[in-house]
Amino acid sequence: MNVEKLSADVSLLSQTQRERLAYIDYKVFFSGELRRADLESRFGIAVAAATRDLTCYRGLAPGNLVYDASAKLYLIGDRFAPIFPFATERALAWLRQGYGDGLTLSIGRQIPTDGADLLAPPPIETIGTIARAIHHQLALKIRYQSLSSGASVRELVPLALVDNGLRWHVRAYDRKNSRFGDFVINRITSLETANTPMAAEESLAEDGQWNQQIELELVPHPGLTHPPAIEADYGISDGVLRVVARAAVAGYALGRWSVDCSPNHALDPNRHQLWLRNSQVLNGVDSAMLAPGYSLKGGLDALI
């Protein structure tokens, strides 16, 4: 497949048609087959439009589809190469939740999937208000339930959203304490736009922990009997997996991955199958207190 020519051809299509062709990519790759009716039901288009999409797709990628006349469907070709390369995390989300953005559709999953969901997803109204404030660079006046100091009213300048695998946080400049920090969204009991603009020193560009990148060297825990199994789990080659993370979220990541961050790999290898070989990289990193084994006083509530 001539990638440059394909990209040029695809760029001439409308956005809506590109979305339908991307669906063909997804459906064929993950289920091995496609019917014209799949396009009709997914996008609410007529037979003629679905036929045009299939003709266009086959013209762009002739080796991707093979028509089975007896079954009246298309099968995946031996030379299949997606027109729109998949991002693994997005593809896994499609498999679990169904293909599409924004709409809740009554389209079954391609294969059975399941996982551990958030125990308490944050309210969508709260997320919407925070997102709008981030976009317009405005402050929010919130009532917040802190684990250390109880309920209080604060004025925050929200800057980014952070998912630590267990809960969603908003990264913000806290005007009460004059510092950047993370706030658990579910602990915000009320909020309103303060309509006061962001000051230069409150911007994400001034958040040193957010902008600092550190390299984590992850290796199978030395206490494991069969480390090659963990190397296979995480695609570790040459004995080490190097991951670049923001200092502001490194502690969350290490906790989510259950990495032993103690200098002498002292934690139980049955619970912490990876070890942070270069634990000194966490020196000066605020979120390090959340990293397993790095601090005896760590915890998911240590930052706020």
* Considering only Ile, Leu, Val, Met, Phe, Trp and Tyr, and joining two whenever side-chain heavy atoms are under 4.5 Å apart, list the other residues clustered with L73. => L75

* **Residue E89 excluded, over 12 heavy atoms near CD under 6.0 Å** => no

* Cluster partners of V219, using ILVMFWY side-chain heavy atoms under 4.5 angstrom, listed by chain and number? -> V240, W275

* Applying side-chain hydrogen bond (donor to acceptor under 3.5 Å, both in side chains), name anything that partners Q212, two or more places apart in sequence or on another chain. => none

* Just checking, any donor-acceptor pair under 3.5 angstrom between side chains of D25 and Y57? -> yes

* Side chains of L254 and L282 in contact at under 4.5 Å (non-hydrogen atoms) -> yes

* Asked: How about R246 and R171: do any of their side-chain heavy atoms sit closer than 4.5 Å?
  -> no

* Asked: Got I214 and L216 here, is their nearest side-chain heavy-atom distance under 4.5 Å?
  -> yes

* Asked: Can you list the residues that meet the side-chain hydrogen bond (donor to acceptor under 3.5 Å, both in side chains) rule with S70, with sequence neighbours excluded?
  -> D68

* Structure fact -> So CH2 of W257 and CG of D260: to nearest 0.5 Å the spacing works out to 15.0 Å

* Heavy-atom pair of closest approach, residues P220 and G239 -> CD-O, 4.0 Å

* Can you name the residues that form a side-chain hydrogen bond (donor to acceptor under 3.5 Å, both in side chains) with S178, not counting sequence neighbours? -> none

* Asked: Please walk me through it: do N186 and R167 pass side-chain contact (heavy atoms from CB on, under 4.5 Å)?
  -> CA-CA 8 Å; N186 276 6; R167 296 175 293 192; 6.0 Å; no

* Would you check, one step at a time, whether the test side-chain contact (heavy atoms from CB on, under 4.5 Å) holds for W210 with L159? => CA-CA 10 Å; W210 180 267; L159 302 170; over 6 Å; no

* Plane angle bin for F86 and F29 - parallel if under 30°, tilted between 30 and 60°, otherwise perpendicular -> tilted

* Say whether, by atom type as modelled, one donor and one acceptor occur between the side chain of Y252 and the main chain of G165 under 3.5 angstrom. => no

* Would R20 and Q17 count as having a side-chain donor-acceptor pair, cut-off 3.5 Å? -> no

* Could you tell me whether the side chains of Y23 and D53 share a donor-acceptor contact shorter than 3.5 Å? => no

* Structure fact -> Sequence neighbours excluded, the answer for side-chain hydrogen bond (donor to acceptor under 3.5 Å, both in side chains) partners of N177 is D174

* To do: Please lay out, stage by stage, how V157 and R175 fare under the test side-chain contact (heavy atoms from CB on, under 4.5 Å).
  => CA-CA 8 Å; V157 180; R175 287 177 171 171; 3.6 Å; yes

* For N283, look at atom CG and say whether over 12 heavy atoms of other residues, nucleotides or ligands are found less than 6.0 Å away. => yes

* Look at the rings of Y173 and F180 and say which category their plane angle falls in: under 30° parallel, 30 to 60° tilted, over 60° perpendicular. => perpendicular

* **Distance in Å, H272 NE2 paired with S262 OG, rounded so as to fall on 0.5 Å steps** => 9.0 Å

* To do: Determine, step by step, whether T193 and L140 satisfy the side-chain contact (heavy atoms from CB on, under 4.5 Å) criterion, reporting the C-alpha distance in whole Å, the side-chain angles of both residues, the deciding distance to 0.1 Å, and the verdict.
  => CA-CA 5 Å; T193 304; L140 292 173; 4.0 Å; yes

* May I ask you to test the L13-L60 pair for a side-chain heavy-atom distance under 4.5 Å? => yes

* R271 vs P292 side-chain heavy atoms within contact, under 4.5 Å -> no

